[in-house]
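Input: a single structure, listed below in structure tokens.
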Amino acid sequence: EFSNSCNWFTLSPNKGHNTTEISMSIQENPSGESSRIGLFQLLSRESDWMYNKTLKVSQIASKPYLTVNNDNLYFEGSSGQQTILINSNCNWTFETSESWIKGSKNDENSKLVVSVSANSDENYRTGEITIKYNQYSYKTIKIYQYPSTIEISDASLTFDNIATQVTMSIASEAPWK
């Protein structure tokens with residue numbers, strides 16, 4: 001009789017008498033990080049003796065993989081955030097290339113939320129987020145952000161020589177001075 005301590009492999013038949021061939025079915029190891037080890041025991045009991053033999057079964061880890069749903073993120077000039085969906089069998093980390101780019105990952109290791117601060121410069125800016133596993137770069141995601149826009153309701157004002165007050169509107173994606 002076999003005693004199995006793992007749920008990732010099965011033996012068939014699990015009982016027998018005399019010389020018998022057994023078949024072992026092993027499930028795929030989905031982990032990209034660790035191999036696994038299991039034990040099963042062959043037990044034989046008769047009225048006057050008992051035999052116990054332990055067999056160690058090991059399985060290597062799968063090849064690590066990581067895919068993302070987007071290679072490029074585009075942001076308006078205002079601060080904002082977008083989510084990248086990640087499919088992976090390994091525990092990953094990330095680094096940002098610029099201080100205006102921040103990121104946070106969820107507990108399930110399946111999402112990376114990318115945040116950018118407002119672009120108060122007049123120029124288009126770019127940066128990157130690099131996703132890593134075991135210090136190796138797996139995927140680089142390009143970040144593009146347009147400059148913030150600012151609009152004034154009246155582009156030109158002309159006044160008579162008398163005291164007056166005028167109200168105009170400013171719409172801006174970023175702080176202005």
Side-chain angles (χ1 to χ4, degrees), residues 5-10 25-39 56-159 163-177:
S5 64
C6 296
N7 61 359
W8 50 272
F9 66 84
T10 57
S25 296
I26 300 173
Q27 296 174 6
E28 179 181 355
N29 184 355
S31 174
E33 297 184 77
S34 58
S35 58
R36 57 188 179 182
I37 296 174
L39 301 174
K56 178 178 162 183
V57 177
S58 60
Q59 186 180 33
I60 63 171
S62 296
K63 181 179 178 182
Y65 67 85
L66 187 139
T67 58
V68 298
N69 70 327
N70 205 337
D71 292 336
N72 301 296
L73 296 180
Y74 296 88
F75 290 89
E76 298 296 323
S78 59
S79 61
Q81 70 178 28
Q82 295 182 40
T83 300
I84 298 171
L85 301 178
I86 298 177
N87 183 17
S88 178
N89 67 343
C90 55
N91 191 23
W92 49 269
T93 60
F94 66 91
E95 292 179 358
T96 62
S97 65
E98 306 295 330
S99 61
W100 52 271
I101 303 171
K102 304 287 185 218
S104 64
K105 70 182 211 177
N106 68 342
D107 292 338
E108 292 82 35
N109 221 25
S110 62
K111 292 180 185 176
L112 174 61
V113 177
V114 178
S115 303
V116 297
S117 59
N119 184 0
S120 56
D121 194 13
E122 294 178 2
N123 299 315
Y124 185 80
R125 64 185 180 181
T126 62
E128 297 176 341
I129 287 189
T130 303
I131 300 175
K132 296 181 167 198
Y133 165 69
N134 272 351
Q135 306 304 317
Y136 297 106
S137 297
Y138 254 59
K139 189 70 177 171
T140 299
I141 298 162
K142 300 283 188 182
I143 310 296
Y144 302 93
Q145 188 178 28
Y146 296 99
S148 293
T149 59
I150 187 165
E151 295 181 19
I152 302 173
S153 60
D154 298 309
S156 175
L157 298 173
T158 304
F159 296 98
T164 187
Q165 182 174 347
V166 174
T167 302
M168 59 183 181
S169 297
I170 296 176
S172 175
E173 290 182 320
W176 53 273
K177 298 179 186 178

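If you're wondering where the values come from, they're calculated on a predicted model, not measured in any experiment.
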For [Y], is there any backbone N or O sitting under 3.5 Å from a side-chain donor or acceptor partner on [X]?
X      : Y      : value
Asn29  : Ser34  : yes
Asn70  : Ile84  : no
Gln145 : Ser78  : yes
Thr130 : Thr140 : no

Open item on the list: If I take atom CG from residue Asn109 and atom OG1 from residue Thr93, how far apart are they, to the nearest 0.5 angstrom?
Closed with: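 Output value for this atom pair is 10.0 Å.
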
Open item on the list: Could you measure the distance from the CD1 atom of Ile101 to the CD1 atom of Ile129? Nearest 0.5 Å is fine.
Closed with: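 Spacing of CD1 (Ile101) from CD1 (Ile129) equals 6.0 Å.
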
Open item on the list: Suppose we screen for side chain to side chain donor-acceptor pair (under 3.5 Å). Which residues come up paired with Glu108, at least two apart in sequence or across chains?
Closed with: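 Result, side chain to side chain donor-acceptor pair (under 3.5 Å) vs Glu108: Asn106.
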
- [ ] Sequence neighbours left out, what passes side chain to side chain donor-acceptor pair (under 3.5 Å) with Ser104? Give chain and number order.
- [x]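 In terms of side chain to side chain donor-acceptor pair (under 3.5 Å), with neighbours along the sequence ignored, Ser104 is linked to no residue.
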
Qualifying residues under salt bridge (Lys or Arg N to Asp or Glu O under 4.0 Å), relative to [X], sequence neighbours excluded:
X      : answer
Asp71  : Lys139
Glu98  : none
Lys111 : none
Lys102 : none

If the condition is side chain to side chain contact (heavy atoms under 4.5 Å, CB included), which residues does [X] pass it with, not counting sequence neighbours?
X      : result
Tyr138 : Pro64, Leu66, Tyr133
Ser35  : none
Ile60  : none

TODO: Provide the full list of ring pair (Phe, Tyr, Trp, His ring centres under 6.0 Å) pairs with a residue in residues 58-82, sequence neighbours left out, each pair given once.
DONE: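 Counting only pairs at least two positions apart or across chains, the ring pair (Phe, Tyr, Trp, His ring centres under 6.0 Å) contacts touching residues 58-82 are Tyr74-Tyr144.
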
Open item on the list: Does anything in residues 90-130 form a ring pair (Phe, Tyr, Trp, His ring centres under 6.0 Å)? List the pairs, not counting sequence neighbours.
Closed with: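 Sorted pair list: Tyr124-Tyr146.
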
Taking every non-hydrogen atom, the tightest pair across [X] and [Y]:
X      : Y      : value
Ser148 : Ser120 : OG-N, 4.2 Å
Asn72  : Ile141 : N-CG2, 4.3 Å
Ile26  : Phe9   : CG1-CB, 3.8 Å

- [ ] With sequence neighbours excluded, give me every salt bridge (Lys or Arg N to Asp or Glu O under 4.0 Å) pair touching residues 118-134.
- [x]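 Passing the test, one end in residues 118-134: Glu95-Lys132, Glu128-Lys142.
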
- [ ] Measure the shortest side-chain to side-chain distance between Pro147 and Asn123 over non-hydrogen atoms and say whether it is less than 4.5 angstrom.
- [x]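 They are not in side-chain contact.
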
